[in-house]
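If you're wondering where the values come from, they're calculated on a predicted model, not measured in any experiment. Every heavy atom of this structure was used, including side-chain atoms; hydrogens, water molecules and symmetry mates were not. Letters go in sequence order (proteins before strands), and every chain restarts at 1.
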Amino acid sequence: MKNELVRQWRLLLVAAVPFVALCAVGWRLVFLHFGDHSKLKRDKTITSLGLRGRIFDCNEDQFPMAASLPARSYRFDYKAVNPKHDRREIARAVSEAFQLPLGEVQALFSRTNSRSIPLGVSLSEEVYALLSDKRRISGIRIDDQEVRTYYQDRCMAHVLGFVNQLGIGGAGIEQQYNKFLTGSPGYIRTTVEAFKGGQTGSPYLENVPAIPGADVYLTLDHNIQYEVENAIREVVEQFQASSGWAIVQRVKTGEILALASYPNFAPAKYNEETIDIWRNNAIAIVYEPGSIMKAVAVAAALNERIVTPETTIDVGDGTWVYAGKPLRDHVTGRVSVSTALKKSSNIACAKIGLMLNNQRLEAYLRAFGFGERLGIDLPGEERGILGRAKDWDKLKPTRIPIGQGVAVTGLQMVNAYSTIANDGVMMRPYVVRKVVSPGGGVIYQAAPKVLGRPVRPEVARSVREMLVGVTEEGGTGKRATVRGYSVGGKTGTAQKAVPGGYSSTDYYASFVGFVPAREPVFSVLVSVERPRPQHTGGFVSAPVFARIAAATAQYLAVPPDEPEEEVAVAGRP
Amino acid sequence: MKKTLTTLSLMVMVLVVLGMAMLSSASTVRAQDIYGDPHFFLKRQAVWLLIAVVTAVVACRFDYHHWKRVRWLPLGFYLAVLAGLVLVFFPVIGGKVKGSYRWLNFGPIHVQPSEFAKIAIVVALSVWMDRVGRQVKEFKLGLLVPTALCGAYAVLLVCEPDFGATMVVLVLGGALIFVSGARVLYLAGIGLCGVVGLAGFVATNANRMERIRAWLEGTGSGSPAAYHLRQAILAFQNGGVCGVGLNQSIQKYNYLPEAHTDFIFAIGGEEWGFFFSGTVVLAFLVILVCGVLISLRAPDRLGRLLAFGMTLLLVFQGAFNICVVTGLAPTKGLALPFMSYGGTNLITALFAVGTLMNIGMHVAVYDERMHTEVVRNAVNQL
């Protein structure tokens, strides 16, 4: 056999060649399989929108205040145009799809400084069908995009806020509840075929479904809001005011029923306006309230048993010089505390402030929520300006009770009156009632929260009685009367603080009150900034209050507590 | 010898079964794209397998001595294939498909004569060299005539063009001439001419140069010619040791061209990992060893040459294909015997196996006869 092998050396030599080759390739395969084991990435990810949650008002209507709809954005990339396609034909299709003049589209198409020229955003399936036709159209990138829609246009703009271009809430509820409202986009990861880039038949590598955002339910009612917005717009326009705001708050719970500011904006087109229009004036403007503060000072004095409603205070001849500064008044002689409030006597209230002394005055103001944020669930709330009592000069205790030398927000003011209306129990103001997940689970449920009890119930009741006098004959707020209801409230006319003193032409005209006065259901604040030519709260704001209060009372079906003769007669055949 | 034959047939069965399994996965994408039926190629291959098995059985029963006894048989076979290689250039029966003349059309059946040329050259040279006998050392009989036999095929195959088949024919021819004992000096002269000719042939064509260059630079080359190789290497790496699992290949989704034919080995490596590629390489090694054993113990010179030629036909193609797929040889269209899709390929491969078996069975017969003869002589002496 050995001989045989030697004789066949040629055969063995030739056979050795493939033998060696196979051994070599085997060795190489060991390296290929065992070394550098890297998984191939032959996949693409197809994302799907996680739509932003909706915002409903308290009616939970079929149509929400805000909702996101799935749309598509169309962008032009001049480098992606297939040379086989006719650019003019593409331009024609785009002009037809977006109703743009052909010349304008061609101008866009001739731009070469960007590969992503926005053409438009559309919800329409027809537009998509027209522009996604691969046989005729190329160079147009189509992406899923959600469109935030506000069904009632400008209604509740300042409460709702807006969503910026990155899809993040930039103001209002959209900002405050962004993390609840934001949906989570889903995606499908699938293997891709080489030539056409299409999906292969193999099952998805990953499939993460999109989760829409949670829905937010407001305490606001768009019916009341509508009336309030109209009222505030009309008063601002009528008196050529620079702005105005109004708040309607439910007394028992602290929930906000309406909150409006004018000028306003359309949330869907928020970028057509500037930041000072986006600002929610009702909670973000800090202003000296004027006489509406008097009720708080009186409530404090009553609570401290320093005075009773019948205690008389000497006002003198209408001018009182204290600490070298005169304080003028349109009331003279001796007036009772309740008359002082009814007629809005400056000197009487200033003297009450002195009786209280600095520490107690500051403590009561803070107890009523001034100088600190109330914690409403809206962004941008201001704390107001209330200095420490030990830092006050001599004049301060005489000016703070009449609403000077202290700055507040509209919300603080209306909340203080709600506290008086709610038997001295201060509630936290809030605008969101609940947040509901897409599955229907309640994620967040707001509950009324007591912030404090600054005054005793009987003190609150007696202040309410005094405030009813304001709207009665001889009071400053006669124009605030509401047919069928007793109204308690207070006018306020404050000179606007300007650098170096007070403006003699610019005022804040306010009225704040509650209805019905005996068993209050809701309170309303109306403030108008810089009205002209008339500028008093009693003239400018009280009628707006009346209008809002009447509409709200009727809408909420509050039983009238002061049936008038005619009404009664008409009611009984 | 029985064990050798059993091992051989077992290895062939393993390769055929693995091949069908891989084809069932690797061909689906192309089949779906072209015919709308993912199993189109698989069904066809199943039919071809049936025909190939019948061919193998026939070859196994067909006494290889007939090639010698019936004078016109090898010549007729050689000439028939030659005619086939000429006919591909004629329209109707032949014709150009994807830039080359490779197919003969008999109604619905398409045949590649180049595959048969590989078998025919082995048969023709084996018979010739057997007949020449000791005169093999002469220049004319031992070198010129067999070279001419190879050359005729090679020229026609180059014209097709089918460089893979050309290479196989030349390699088989050269090996058989060398093994049968031609003078090394003559052979070296012819071989040198061949190498120079090949170098010139490659150098004159930019496309071929590019392929060689891409191969030399390896997978790092950005050349499009290296694309196949890059994708094949990725397939092995993606598979890792255990593979991604049957039908889980990613590379078959048109990343790896010719996934069901020339590069089916890479898909196998991706789906079943080292288990697959190791098994296949081992199977070819075992086939080589079995073939050489049969060849060494063949009862006569014709049997030896025929067995060696058939073995080389199978193993050379297999080894070369795997070398191409793993980047050890430049890209050349050469099918993997038993596994790549293609009827003619399968039939010729199984025919070669059948012939090997036949020779192996003669060894057994021969052994037996020798044994009885020895015993008889011993008895007679007594």
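- Comparing A:L22, A:L12, A:V14, A:D43 by how many heavy-atom pairs each has under 4.5 Å with chain B, the most go to A:L22.
- For B:Q32, no part lies under 4.5 angstrom from a heavy atom of chain A.
- For a residue to count as touching a neighbouring chain, one of its non-hydrogen atoms must lie under 4.5 Å from one of that chain's; by this rule B:V184 touches chain A with backbone and side chain alike.
- No other option in B:A175, B:G269, B:G278, B:C242 has as many heavy-atom pairs under 4.5 Å with chain A as B:G269.
- Among the candidates B:F284, B:Y253, B:F320, B:F316, the residue making the largest number of heavy-atom pairs closer than 4.5 Å to chain A is B:Y253.
- With a 4.5 Å cut-off on side-chain heavy atoms, B:R30 and B:I34 count as touching.
- Taking the centre of each ring, A:F76 and A:F109 come in below the 6.0 Å mark.
- Using a 3.5 Å distance cut-off with no hydrogens or angles, the side chains of A:N82 and A:R136 do not pair a donor with an acceptor.
- With a 4.5 angstrom heavy-atom cutoff, B:Q231 touches chain A only via side-chain atoms.
- Ring centroid separation for the pair A:Y74 and A:Y128 does not come in under the 6.0 Å cut-off.
- Looking only at side-chain heavy atoms (C-beta outward), A:P185 and A:T47 stay at 4.5 Å or farther from each other.
- In plain terms, the two heavy atoms of A:H33 and B:G240 that are nearest each other are ND1-O, 2.8 Å.
- By number of non-hydrogen pairs under 4.5 angstrom with chain B, the leading residue of A:V25, A:L11, A:V30 is A:L11.
- Neither the backbone nor the side chain of B:F276 comes within contact range of chain A, judged by heavy atoms closer than 4.5 Å.
- For A:V17, no part lies under 4.5 angstrom from a heavy atom of chain B.
- Heavy-atom pairs under 4.5 Å with chain A peak, among B:T326, B:I250, B:V281, at B:T326.
- Contact annotation: the side chain of B:M129 approaches that of B:I177 to within less than 4.5 Å [non-hydrogen atoms, C-beta and beyond].
- With a threshold of 4.5 angstrom between heavy atoms, B:I322 approaches chain A through its backbone and through its side chain.
- Taking the six-membered ring wherever Trp is involved, the centroid distance between the rings of B:F236 and B:F274 does not fall below 6.0 Å.
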